[in-house]
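Structure first, commentary second.
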Amino acid sequence: MAVGKISIYPDRVRGLIDPKVYGHFIEHLWTCIYDGIWVGLDSEISNIQGIRRDVVEALRRIEPPIIRWPGGYFAELYNWVDGVGPRESRPVRVCPTQPNGVETNQFGTDEFIRLCRLVGAEPNICVNTSIITPREAGFWVEYCNRRDTDYAKLRVRNGNPEPYNVKYWSIGNECYFMYPPVDYATRYLNWRHFMRNADPTIECIACGIEPIYHPKPWALGDWGEEVVKMIQSEMEYYSVHVYFSSGSEDKFSDEEYYHLFAALENRLTSSINRVIGILDYYTQGKNVKIALDEWGVWHPGHDMKGNMTQKCTLRDALFTACFFNILHRYPSKIGMANVAQTVNVCHSLIITDGGRMFLTPTYHVFDLYRGFKGSQSLEIKIESETFKDPLHRYTERKIPHLSASAAKSGNGLIVSLVNLNLDEEIDCEVELRGSEVIGGVRRILTSRDVRDVNSFETPNRIMPKEEEVKIRGEKFTEKLYPHTLTVLELKTH
Ligand code: AHR
């Protein structure tokens, strides 16, 4: 058995964890929208105005603060006017991101807003800078947010008298695949101009890039820094997408398991720190926030031309917990993060197939972490045994087996403790500096093997177990089982 210690400093507040860090991303890709969300009004599958009831109920429970739509890559192919008006007369278009090669446009802007309203989320719409003009992007804002123009009247004629007040607009998706930075920045500024003419209160998310990523010849330097140099403070958020993978989805080796967590810690912290440096330098004192508006584990064998539904193991759930524990270190800088994707694609929370549905272990992490949303992130100190990335020869950095974060929430504290060790328990001393525990709840998420999954046949194999916290005082010891997430909601005084 190993030992560890976490010291929590309730008086040292790092800042408010933006609820939007627990955001979602849905795309017209594979079966995320069609089957995963939209089944249509006439479906035999129980639905609320065409949207699956089981998915709405599952999402309501975890209270998604924001949902990004319609893509992703699909956003770059999408003309929003195809997706409004009577559904029976909407055009069917060729579409490489759909399993049958066509997009029926049955789920468009009005249906997306309906989903957001049903689950209590803010919409975040991603508009492309490639196949529509800046003027047409402005019309989309008018359609959503105004009362007086022709496009506003079109929304009213379509049965939606009240403006949608969409505040968050992403301008372009992964544009480093398409243009040199100067081209994108020029487009971005032009699009922002037209869109804010339609509604000056909208907040824009500019397309950025992970600084270590150089996918095209024109992105060999720092594509993102060149963009930020040009657009400076003319943005509210700067988008960075981060995908990870290590070995197969459910047949990875122990080395691949540890590599994934080492990569997460090494790569994510270094990317966030570099982006913060760039934003601080060029944005003239404006606190432009980072939007990690696509993130997740994307396993090999699921490319965009094929089946995007992964086996989401306990490893993916522990990754989710560690990902959030890292974001909690940067509360004033990370303004949004959107898991890719909510249903049936990549790092999913929900899997559907016709009338059937189950929740992945990752869903349960979102549920267990609800108390972190909008709470005050606290400084903590972690002491535990460490490991080095077994598959990466270039860094000797030691990663603790214990990942943790803590926040002030309501009248108490919420504490997350992940034991990444595959074999050994950690006897973890938890010390609250200047506060005392007087009770609470402990929730544990684990399984016999990190490769275990939930499935249609065994939907509840990996579920949180809840027990009362009986300890009292400033110090106590938590037994953390191997490859286990423990979340404590503590009442304190
Ligand atoms: O989430 C899947 C895809 O990953 C998105 O369409 C794209 O933006 C990213 O490359």
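Evaluated for a side chain to side chain contact (heavy atoms under 4.5 Å, CB included) with I17, the options S409, S405, S375 yield exactly one hit, S375. Applying the side chain to side chain contact (heavy atoms under 4.5 Å, CB included) test between L314 and each of D250, T446, T362 identifies T446 as the sole match. For the ring-ring contact (aromatic ring centres under 6.0 Å, His included) with W80, the qualifying choice from F74, F112, Y151 is Y151, the only one to do so. Results of the side chain to side chain contact (heavy atoms under 4.5 Å, CB included) test with R68 over I205, N173, V339 single out N173 as the only residue that passes. Under the salt bridge (Lys or Arg N to Asp or Glu O under 4.0 Å) rule, E379 has a single partner from R12, R14, K408, which is R12. Checking F324, Y363, F372 one by one against Y22, the ring-ring contact (aromatic ring centres under 6.0 Å, His included) holds for a single residue, F324.
Residues V166 and T109 have side chains not in contact (no heavy-atom distance under 4.5 Å, counting atoms from C-beta outward). Between F366 and L349, some side-chain heavy-atom pair lies under the 4.5 Å cut-off. Under the 4.5 Å side-chain criterion, counting only non-hydrogen atoms from C-beta, L378 is in contact with V13. For the pair M230 and T186, the minimum side-chain heavy-atom distance is below 4.5 Å. Taking 4.5 Å as the limit, some side-chain heavy atom of R117 sits within range of a side-chain heavy atom of I113. When side chains are defined from C-beta on, I33 does not count as touching E111, because their heavy atoms never get closer than 4.5 Å.
Taken to the nearest 0.5 Å, the OG atom of S7 stands 10.0 Å off from the CD1 atom of I382. In this structure, NZ in K373 is found 7.0 Å from CD1 in I62, a value given to the nearest 0.5 Å. Rounded to the nearest 0.5 angstrom, C175 SG and E76 CD are separated by 5.0 Å. How far NZ of K289 is from CG of L279: 11.5 Å, rounded to the nearest 0.5 Å. Atom CD1 of residue I444 and atom OH of residue Y481 lie 6.0 Å apart, to the nearest 0.5 angstrom. Within the model, atoms NE2 of H347 and CZ of F323 stand 9.0 Å from one another, a figure rounded to the nearest 0.5 Å.
Remark: E236 engages R196 in a salt bridge, criterion side-chain N to carboxylate O under 4.0 Å. With salt bridges taken as basic N to acidic carboxylate O contacts below 4.0 Å, none links E122 and K20. Remark: E225 does not engage R274 in a salt bridge, criterion side-chain N to carboxylate O under 4.0 Å. Using a cut-off of 4.0 Å between Lys/Arg side-chain N and Asp/Glu carboxylate O, R451 and D254 are scored as salt-bridged. The pair K333-D280 meets the salt-bridge criterion, with a side-chain N (NZ, NE, NH1 or NH2) lying under 4.0 Å from an Asp/Glu carboxylate O.
S239 places no side-chain N or O within 3.5 Å of a backbone atom of D293 that could act as its donor or acceptor partner. A distance-only check finds a donor-acceptor pair linking the side chain of R187 to the backbone of T129 [under 3.5 Å]. Counting only distance, with no hydrogens or angles, the side chain of H24 and the backbone of I67 share no donor-acceptor pair below 3.5 Å. Of the possible donor and acceptor atoms, one in the side chain of Q310 sits under 3.5 Å from a partner among the backbone N and O of C346. Counting only distance, with no hydrogens or angles, the side chain of E265 and the backbone of A262 share no donor-acceptor pair below 3.5 Å. Checking side-chain atoms of Y188 against main-chain N and O of E234 turns up a donor-acceptor pair under 3.5 Å. A donor-acceptor distance shorter than 3.5 angstrom exists from the side chain of N454 to the backbone of L359, with no hydrogens or angles considered. Side-chain atoms of W191 come within 3.5 Å of backbone N or O of N128 as a donor-acceptor pair. With D18 contributing its side chain and M336 its backbone, the two residues share no donor-acceptor pair below 3.5 Å. For the pair S271 (side chain) and L268 (backbone), a donor-acceptor distance under 3.5 Å is absent.
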**OP:** Take K286 and E203, measure what salt bridge (charged side-chain N to carboxylate O under 4.0 Å, His left out) needs, and give me the verdict at the end.
**Re:** CA-CA 13 Å; K286 175 166 171 174; E203 300 200 350; over 6 Å; no

Subject >> side chain to side chain contact (heavy atoms under 4.5 Å, CB included) between D110 and Y143, intermediate numbers included >> reply: CA-CA 10 Å; D110 302 325; Y143 182 86; 2.9 Å; yes

Original post:
Stepwise, does the side chain to side chain contact (heavy atoms under 4.5 Å, CB included) test hold for T201 with K167?
Top reply: CA-CA 7 Å; T201 69; K167 181 170 171 188; over 6 Å; no

Original post:
Given the rule in the side chain to side chain contact (heavy atoms under 4.5 Å, CB included) test, do T320 and L485 qualify, once you have shown the distances and angles that lead to the verdict?
Top reply: CA-CA 10 Å; T320 306; L485 163 66; over 6 Å; no

**OP:** Give the intermediate values and the outcome of side chain to side chain contact (heavy atoms under 4.5 Å, CB included) for residues E294 and Y243.
**Re:** CA-CA 8 Å; E294 287 187 28; Y243 287 100; 2.5 Å; yes

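R135 is linked by a side chain to side chain contact (heavy atoms under 4.5 Å, CB included) to T133, F139, F194, counting only residues two or more places apart in sequence or in another chain. A search for ring-ring contact (aromatic ring centres under 6.0 Å, His included) contacts involving F244 returns F319, not counting sequence neighbours.
Open room surrounds CG on N411; 12 or fewer heavy atoms of other groups in view lie less than 6.0 Å from it. Around atom OH of Y281, no more than 12 heavy atoms belonging to other residues, nucleotides or ligands sit under 6.0 Å away.
Looking at every heavy atom in both residues, S248 comes nearest to R315 through O-NH2, 3.3 Å. In terms of heavy atoms, T360 sits closest to S348 at OG1-O, 2.7 Å. Summarising the geometry of I231 relative to A206, their closest heavy-atom pair is CD1-CB, 3.6 Å, with the distance given to 0.1 Å. The two residues V453 and C312 make their nearest non-hydrogen contact at CG1-O, 3.6 Å. A pairwise comparison of heavy atoms in G36 and V55 identifies O-CG2, 3.3 Å as the closest pair. Closest approach of G4 to I426, counting heavy atoms only: N-CG2, 3.6 Å.
In summary, the side chains of W223 and H214 do not present any donor paired with an acceptor at a separation below 3.5 Å, with no hydrogens or angles considered. Judged by distance alone, the side chains of E249 and H302 do bring a donor and an acceptor atom under 3.5 Å apart. Defined by atom type and a distance below 3.5 Å, a donor-acceptor pair is missing between the side-chain atoms of N344 and Y34. Y369 and S416 form a side-chain donor-acceptor contact under 3.5 Å, judged by distance and modelled atom types alone. E174 and Y73 are not linked by any side-chain donor-acceptor pair at a separation below 3.5 angstrom, with hydrogens and angles left out of the test. Between the side chains of N419 and H483, no donor N or O sits under 3.5 Å from an acceptor N or O.
Ring pair H401/Y258 is tilted by interplanar angle, where 30° to 60° counts as tilted.
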